[in-house]
Amino acid sequence: MRVKVLGSAAGGGFPQWNCGCPNCDRARRGLSGFRPRTQAQVAVSPAPGTWILLNASPDLRQQLLRDPDFAPRPGSRAIPVSTVVLTSADVDSVMGLLHLREFHPLRVLATPSVLRILNEENSLFRCLERSAPPVHWQPLPLNRAVSIAGVDCTAIPLGGAYPDYVGASLRESLAPGEAVIGLEFARNEKKLFYAPGISGQSDSWKCPASAADMALLDGTFWTDRELIDVRGSGKTAREIGHLPLSGADGLLAQLPASPARRVLVHINNTNPILDESSDAHRAVRDAGLEVAYDGMEFDL
């Protein structure tokens with residue numbers, strides 16, 4: 001498997017368009033050690049000329065255009081992407097689907113509850129049905145491997161909540177365990193685990209994270225009160241659905257020991273690990289983890 005990190009930041013990117021926090025200010029000024037990042041997007045290739053998108057970020061068009069591996073064949077409208085697998089119904093996970101509406105045949109896999117959100121409450125996504133054949137919405141079961149383009153994919157429930165935009169009546173009928181998932185990919189005895197949204201409500205992420213040859217994990221916030229401390233208001237990391245990295249009960253402390261390569265993705269613009277000279281960035285590296293940046297590539 002080949003793995004590409006097309007985008008590594010949380011919602012809004014880095015710098016965030018409407019944020020003047022110290023991190024964003026330094027990134028705008030082009031200071032060394034503050035790499036700009038687009039919103040989180042990962043692509044997996046189980047075979048040459050075949051790519052699976054993990055979520056569909058709002059920056060997807062830009063991300064596909066800047067990488068020649070996703071260019072259409074001369075004289076055609078076909079790109080080597082036929083499948084998207086969604087980890088949640090969050091806006092930052094699904095909005096990029098609208099960039100793929102240009103009559104491109106597509107298969108979208110997600111939990112049954114997430115598919116209901118996209119189809120029952122968001123008629124905008126019906127524009128994907130104009131292609132020939134139209135988009136195929138495929139339910140993704142929990143804890144059971146499904147073959148996708150020659151690679152086995154297993155959805156791991158991670159806890160977490162449905163987005164605020166989901167109506168109350170629909171929300172009441174959705175399965176709680178289908179709100180946020182991690183994705184385990186297995187091929188030729190190699191495993192990749194992708195979990196950009198670890199809420200901390202469940203320990204279900206720990207086993208696949210330790211069993212994987214590579215794990216791309218939630219690096220959204222450094223502390224639980226990060227938004228409150230930086231902006232003066234807001235919710236805690238856990239209230240938003242992200243286990244903070246630091247602290248006695250943070251992700252770094254809970255992460256099981258493993259020789260696997262571990263990379264932090266979905267990094268919020270306020271997170272001090274974005275400053276490559278910071279103590280937080282150094283602590284992550286000392287713990288054996290890497291901080292993702294746009295353009296990272298791996299081979300498994």
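Fair warning: this is a prediction, and the values are worked out from it, not measured in the lab. Just so it is clear, the values below take in all heavy atoms, side chains as well, and ignore hydrogens, waters and symmetry mates.
To the nearest 0.5 Å, atom CD of residue Glu189 and atom CG of residue Asp213 are 9.5 Å apart. Here Leu60 contributes atom CG and Leu98 contributes atom CG; the two are 10.5 Å apart, rounded to the nearest 0.5 Å. Between His266 atom NE2 and Ile198 atom CD1 the span is 11.5 Å, to the nearest 0.5 Å. Here the CG atom belonging to Asp279 is positioned 13.5 Å from the CD1 atom belonging to Ile273, to the nearest 0.5 angstrom. Distance check, rounded to the nearest 0.5 Å: NZ of Lys4 to CG of Leu53 gives 12.0 Å. Taking OG from Ser93 and CD from Gln41, the interatomic distance works out to 9.0 Å, rounded to the nearest 0.5 Å.
Nearest heavy-atom pair, Gly234 versus Ile228, reported as atom, atom and distance to 0.1 Å: O-CG1, 3.5 Å. Of all heavy-atom pairs between Ser76 and Pro72, the closest is O-CB, 3.9 Å. The nearest pair of heavy atoms linking Gly20 to Asp25 is O-CB, 4.3 Å. Nearest heavy-atom pair across Phe221 and His242 is CD1-CB, 4.0 Å.
Contact of the Trp222 side chain with the Thr270 side chain is not registered, since no non-hydrogen atoms from C-beta on lie closer than 4.5 Å. Side-chain contact check for Asp218 versus Leu158: every heavy-atom pair is 4.5 Å or farther apart. Within the 4.5 Å cutoff, side-chain heavy atoms of Arg238 are placed close to those of Leu243. The side-chain heavy atoms of Ile181 and Val114, taken from C-beta on, include no pair separated by under 4.5 Å. Between Asn143 and Pro157, some side-chain heavy-atom pair lies under the 4.5 Å cut-off. Counting heavy atoms from C-beta outward, Asn271 and Leu245 have side chains that approach closer than 4.5 Å. Between Arg35 and Asp294 there is no side-chain heavy-atom pair separated by less than 4.5 Å. Using a 4.5 Å heavy-atom cutoff, the side chains of Ser199 and Val180 are not in contact.
Considering Val151, Asp152, Leu192, Leu300 in turn, Val151 is the only one that fulfils the side-chain contact (heavy atoms from CB on, under 4.5 Å) rule with Arg187.
The number of heavy-atom neighbours closer than 6.0 Å to CG of Asp164, taken from other residues, nucleotides and ligands shown, is 12 or below. Residue Lys190 qualifies as open at atom NZ: its count of foreign heavy atoms under 6.0 Å is 12 or below. Under a cut-off of 6.0 angstrom, the local environment of CZ in Arg61 is sparse, with at most 12 non-hydrogen atoms contributed by other residues, nucleotides or ligands. Annotation for Arg144: atom CZ does not count as buried by contact number, only 12 or fewer foreign heavy atoms lying within 6.0 Å.
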Would you check, one step at a time, whether the test side-chain contact (heavy atoms from CB on, under 4.5 Å) holds for Ser8 with Met296? CA-CA 9 Å; Ser8 51; Met296 285 184 100; over 6 Å; no
Report the C-alpha separation of Leu54 and Thr87 in whole Å, then their side-chain angles, then the decisive distance to 0.1 Å, and conclude whether the side-chain contact (heavy atoms from CB on, under 4.5 Å) test is met. CA-CA 8 Å; Leu54 311 188; Thr87 62; 5.8 Å; no
Going through the checks in order, is the side-chain contact (heavy atoms from CB on, under 4.5 Å) test met by Asp67 and Trp51? CA-CA 12 Å; Asp67 191 319; Trp51 288 94; over 6 Å; no
Determine whether Ile240 and Thr220 satisfy the following criterion, side-chain contact (heavy atoms from CB on, under 4.5 Å), listing intermediate values before the conclusion. CA-CA 10 Å; Ile240 296 174; Thr220 310; over 6 Å; no
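Classification of the Phe14-Phe34 ring pair by plane angle, with boundaries at 30° and 60°, yields tilted. Taking the six-membered ring for Trp and thresholds of 30 and 60 degrees, Phe125 and Trp137 have ring planes more than 60 degrees apart, a perpendicular arrangement.
Defined by atom type and a distance below 3.5 Å, a donor-acceptor pair is missing between the side-chain atoms of Thr38 and Gln62.
Side chain of Glu226 to backbone of Thr223: a donor-acceptor contact under 3.5 angstrom is found.
Because its NZ or CZ atom is not both nearer than 6.0 Å to the ring centre of Tyr162 and within 45° of the ring axis, Arg171 does not count as a cation-pi partner of that residue.
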